[in-house]
Asks: 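Pasting in a structure now, in structure tokens, and then I'll have a few things to ask.
Below, chain A is the first sequence line, B the second, and so on; all start at residue 1. Keep in mind that what you see is a predicted model, and the values were worked out from it rather than measured.
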Amino acid sequence: MSLKIYNSYTRQKEVFESITPGHVGMYVCGPTVSGESHLGHARPYITFDVLYRYLTHKGYKVRYVRNITDAGHFEEEGRAAEDKVSKKALLEKLEPMELVQKYTNLYHWAMKQFNCIDPTIEPTATGHIVEQINMIEKIIQAGYAYEINGSVYFDVKKYAANYDYGKLSGRILDDLLETTRELDGQEEKKDRADFALWKNAAPEHIMRWNSPWGEGFPGWHIECSAMATKYLGAEFDIHGGGMDLQFPHHESEIAQSTICNHHNPVRYWMHNNMITINGKKMGKSYNNVIKLTEMFSGNHPLLTQAFHPMVIRFFILQSHYRSTLDFGSTALEASEKALKRLWEAYEALQKMEADSTRLTATDIELEAKVLQLLNELEEFMDDDLSTAKVLANMFELAPTINSIKDGIINVTAISGTTLQLMKDRFKVILEDILGLTSMNSQDDGSLERVMQLLIDIRKEAKSKKDFATSDKIRNQLAEMGILLKDEKAGEMSWTKL
RNA sequence: GGUCCUGUGGCCGAGUGGCUAGGCAAGGCUCUGCAAAAGCCUCUACAGCGGUUCGAAUCCGCUCGGGACCUCCA
């Protein structure tokens, strides 16, 4: 089976074939660490984490590069050179790098909460100023960039005359030139569609570097081109990011890299869609963001409660990455309940003994259904990461698992090999590929043993019809946030609320 | 204004022309000392109007809604 992914560049699903057999080079646009990450940011990182995990599962050795944008960009071109980082730094009276460090740490922490695997390389823009300057020089030498007043701009018109400018974002240069929008500082550029490679730094600008064109700082798009080129080469397999970056960021990236490396840089472009609130994109500009720390603490007017990072991860995986996903507290609550149910079924499954020598099934129909649902899991993953369908199948299997556990269905209904297969597949899909983990925070196992003791005492009390004692145990545990559940056959299990 | 996406049952969401996704909520039942959990069952929707087709949520057109990008944005 082969993986098919939707390529934004060609606008169709394509069979994925890596440039170098067995290896994949993947670049994902990382965060700008001038502020705290919000729910919207979580989506690409979780989406591409799943892709990374899946490629690895498929046997690829993946070089996964995800940058940290810590150099800051101008808010509007040409405006008093005040980038986002330095502006905030003044407000908070912090060194720019201090600020950057703070938000980088916070971002890393959030990624850990989400159980995202670290990229194999996480380069920073400030650590690659030299590479960026070199790249700009090459573009100037090639004749596709010009310097004015200590700034360097990319000549889009010239590029468009010789290359396929606008293909990724479906943009037509003439339309762009007609845009009526008036921006400050446009007069410096030869053409309004041109974009900055290097910006001259005004005196008050804190973050600044020496360059052949004087003191300044890099334009927004060049860092990704420079770092992707350095670590992945002139042509690499996958480039990911949010849909809102398609233009102008990724379009510019293609132009820069193409001129510099004489090669279309990316084989497969992948873009995740936005998370919305009441149908509107969550974003700084809309003033409707919910920060991740707020999600985890529940400390936000739109939230009815705190949400575990795994619930958010699960929530995101329940939709397809190319669809918008509308945030809502009730939707999150639904995800929380769903995840708990699925996870408990999964844990029950793992506790079952599978006799792999028992090859026969007494319920042929069920056996066939289970096998089909299991086999579809990887098919769905292969189909442009259809995680929603994967989860749907797992939910379809949950009643079978629970019924076997409760003795409603005899374990012999399905073959031992199928049960073992189900155990294996569930583990691989849920933990390895989807990256889900238990929501119960790890402890040293002492809680587990204490709970077992209480369960034993309660079983004893029940058998003696001492319901006062059995209810006391159950009720007081409930007050502590632990739910005790009686099961069929007199067994008991527990879960944290 | 330009380019593009989208409109699915109470809510969230999959849906590649024909085979009722799934989750949550709701109702009924079973199990049960009680409750919860679990299991079984019920709820068959695709904005509207035309068209193509033996057959359309799925393709085409129009209308009405929503959104994204064109400026920093995941």
Asks: Under a 4.0 Å N-O cut-off, is there an ion pair linking A:Glu251 with A:Arg171?
Replies: no
Asks: To the side chain of A:Tyr45, which of B:G23, B:G13, B:A74 is closest?
Replies: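 Looking only at side-chain atoms, A:Tyr45 lies closest to B:A74.
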Asks: Please classify the nucleic acid contact of A:Asn393 as base, sugar-phosphate, or nothing, using heavy-atom distances under 4.0 Å.
Replies: nothing
Asks: Roughly, in whole Å, what's the span from CG in A:Leu391 to C1' in B:C24?
Replies: 14 Å
Asks: Which listed nucleotide (B:A74, B:C40, B:G67) is nearest to the side chain of A:Thr32?
Replies: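 The nucleotide sitting nearest to the side chain is B:A74.
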Asks: Between B:A14 and B:C70, how far apart are the P atoms? Round to whole Å, please.
Replies: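 To the nearest whole Å, 24 Å.
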Asks: So what does A:Leu325 touch, heavy atoms closer than 4.0 Å: a base, only the sugar-phosphate, or nothing?
Replies: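 Touches sugar-phosphate only.
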Asks: If I take atom NZ in residue A:Lys280 and atom P in nucleotide B:G65, what distance separates them, rounded to the nearest angstrom?
Replies: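 Distance check: A:Lys280 NZ to B:G65 P gives 14 Å.
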Asks: May I have the distance from A:Leu397 (atom CG) to B:G23 (atom C1'), rounded to whole angstrom?
Replies: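 Rounded to the whole Å, the gap is 15 Å.
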Asks: Rounded off to whole Å, could you give me the CG-to-C1' distance for the A:Asn288 and B:G67 pair?
Replies: 13 Å
Asks: When the ring centroid of A:Phe296 is compared with that of A:Phe114, is the distance short of 6.0 Å?
Replies: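 Yes, ring centres under 6.0 Å apart.
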Asks: Counting side-chain heavy atoms from CB outward, which of B:G23, B:A74, B:C11 is closest to A:Leu245?
Replies: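 Output: B:A74.
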Asks: Distance check, C1' atoms only: B:U16 and B:C49, in whole angstrom units.
Replies: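 Rounded to whole Å, the distance is 26 Å.
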Asks: Identify whether the distance between the nearest side-chain nitrogen and carboxylate oxygen of A:Lys13 and A:Asp384 falls below 4.0 Å.
Replies: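 Looking at A:Lys13 and A:Asp384, the cut-off is not met.
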Asks: Let's test this: given Watson-Crick or G-U wobble pairing with both distances under 3.5 Å, identify the partner of B:C54.
Replies: B:G18
Asks: Pick base, sugar-phosphate or nothing for A:Gln246, based on heavy-atom distances below 4.0 Å to the nucleic acid.
Replies: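 Contact class for A:Gln246: none.
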Asks: What is the ring orientation for A:Tyr107 with A:Tyr45, classed by angle as parallel under 30°, tilted 30 to 60°, or perpendicular over 60°?
Replies: perpendicular
Asks: Does a distance-only test, which skips hydrogens and angles, find a donor-acceptor pair under 3.5 Å between the side chain of A:Ser285 and the base of B:C72?
Replies: yes
Asks: For B:G48 and B:U6, measure between their C1' atoms and round to the nearest Å.
Replies: 16 Å
Asks: What contact category does A:Ala392 fall into here, base, sugar-phosphate, or nothing, at under 4.0 angstrom with non-hydrogen atoms?
Replies: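 It contacts base atoms.
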Asks: Counting only side-chain N and O atoms of A:Asn272, is one of them less than 4.0 Å from OP1 or OP2 of B:A74?
Replies: no
Asks: Ignoring the backbone of A:Phe247, work out which of B:A14, B:A74, B:C70 is nearest its side chain.
Replies: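 Output: B:C70.
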Asks: For B:C29, which nucleotide in any strand shown is its Watson-Crick or wobble partner with both distances under 3.5 Å?
Replies: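 Base partner found: B:G39.
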Asks: Can you tell me how far C1' of B:G23 sits from CG of A:Leu339, to the nearest Å?
Replies: 11 Å
Asks: Strictly below 4.0 Å: does A:Ser323 bring a side-chain N or O up to OP1 or OP2 of B:A14?
Replies: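 The answer is yes; a side-chain N or O of A:Ser323 sits under 4.0 Å from OP1 or OP2.
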Asks: Of all the nucleotides listed (B:C69, B:A21, B:G15), which has the minimum atom distance to the side chain of A:Ala388?
Replies: B:A21
Asks: So, applying side chain to side chain donor-acceptor pair (under 3.5 Å) with A:His221, which one of A:His249, A:Glu253, A:His250 is it?
Replies: A:His249
Asks: Select one nucleotide: of B:A68, B:G22, B:G39, the one nearest the side-chain heavy atoms of A:Ile408.
Replies: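 For A:Ile408, the side-chain atoms sit closest to B:G39.
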Asks: Rounded to whole angstroms, how far apart are OH on A:Tyr346 and C1' on B:A38?
Replies: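 Between C1' of B:A38 and OH of A:Tyr346: 20 Å.
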Asks: Does the distance from a Lys or Arg side-chain N to an Asp or Glu carboxylate O, for A:Lys4 and A:Asp382, drop under 4.0 Å?
Replies: no
Asks: Do the side-chain N or O atoms of A:Lys337 get closer than 4.0 angstrom to the phosphate oxygens (OP1, OP2) of B:A25?
Replies: yes
Asks: How does protein contact run along nucleotides 29-37 of chain B, one letter per nucleotide 5' to 3', with B for base contact, S for sugar-phosphate only, - for none, heavy atoms under 4.0 Å?
Replies: --B-BBBBB
Asks: For B:A57 versus B:A36, give the span between their C1' atoms, rounded off to a whole number of Å.
Replies: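 After rounding to an integer number of Å, I get 39 Å for this pair.
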Asks: For B:C43 versus B:G27, give the span between their C1' atoms, rounded off to a whole number of Å.
Replies: 9 Å
Asks: Starting at the 5' end of RNA chain B, which residue's closest nucleotide do you reach first, A:Pro248 or A:Ser335?
Replies: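 Going by which nucleotide is closer to the 5' end, it is A:Ser335.
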Asks: At 4.0 Å (heavy atoms only), tell me whether A:Met243 reaches a base, stays on the sugar-phosphate, or touches nothing.
Replies: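 No contact at all - A:Met243 keeps every heavy atom at 4.0 Å or more from the nucleic acid.
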Asks: Over all heavy atoms of both residues, which pair between A:Met282 and A:Val289 is shortest? Give the atoms and the distance, please.
Replies: CG-CA, 3.6 Å
Asks: Salt-bridged, A:Asp49 to A:Arg53, with N to O below 4.0 Å?
Replies: yes
Asks: Just the rounded figure in Å: distance from C1' of B:G23 to NE2 of A:His320.
Replies: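 Taking NE2 of A:His320 and C1' of B:G23, I get 18 Å after rounding.
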Asks: Closer than 4.0 Å, any side-chain N/O of A:Lys389 to the OP1 or OP2 of B:G13?
Replies: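 It does not, given that no N or O in the side chain of A:Lys389 lies less than 4.0 Å from OP1 or OP2 of B:G13.
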Asks: Just to be sure I understand the rule, does A:Met274 reach a base, reach only the sugar-phosphate, or reach nothing, if contact means heavy atoms closer than 4.0 Å?
Replies: base
Asks: Does this structure show an ion pair linking A:Lys459 with A:Asp486, if we count only N-O contacts that are shorter than 4.0 Å?
Replies: no
Asks: With nearest nucleotide decided by heavy atoms, which residue, A:Ala338 or A:Thr330, maps closer to the 5′ end of RNA chain B?
Replies: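 The residue mapped nearer the 5' terminus is A:Thr330.
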Asks: Is B:A45 paired to anything, Watson-Crick or G-U wobble with both distances less than 3.5 Å, and if yes, which nucleotide?
Replies: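 Because no pair has both required distances under 3.5 Å, B:A45 counts as unpaired.
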Asks: Is the ring pair A:Phe154/A:Phe195 parallel, tilted or perpendicular, if the boundaries are 30 and 60 degrees?
Replies: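 Correct class here is parallel.
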Asks: Would you say A:Tyr321 reaches B:A74's phosphate, i.e. side-chain N/O to OP1/OP2 under 4.0 Å?
Replies: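 Checking A:Tyr321 against B:A74: no side-chain N or O falls below 4.0 Å of OP1 or OP2.
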Asks: Expressed in whole Å, how much space separates the C1' atoms belonging to B:G13 and B:A21?
Replies: 10 Å
Asks: For B:G9, give the paired nucleotide (Watson-Crick: N1-N3 plus N6-O4 or O6-N4; G-U: N1-O2 and O6-N3; both under 3.5 Å), or none.
Replies: none
Asks: C1' atom, B:G2 versus B:C59: distance in rounded Å?
Replies: 26 Å
Asks: Rounding to an integer number of angstrom, what distance separates B:G10 and B:C46 when you compare their P atoms?
Replies: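 About 10 Å, rounded to a whole number of Å.
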Asks: Could A:Lys485 and A:Glu344 be called an ion pair, given the rule that one side-chain N must be under 4.0 Å from one carboxylate O?
Replies: yes
Asks: Could you tell me the Watson-Crick or G-U partner of B:U3, where both distances fall under 3.5 Å? Say none if there is no partner.
Replies: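 Looking at the geometry, B:U3 pairs with B:A68.
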Asks: What is the distance from CG of A:Asn273 to C1' of B:G67, rounded to the nearest Å?
Replies: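 Interatomic distance, CG of A:Asn273 to C1' of B:G67: 9 Å.
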Asks: May I ask you to say what A:Gly40 touches in the nucleic acid, namely base, sugar-phosphate or nothing, with a heavy-atom cut-off under 4.0 Å?
Replies: base
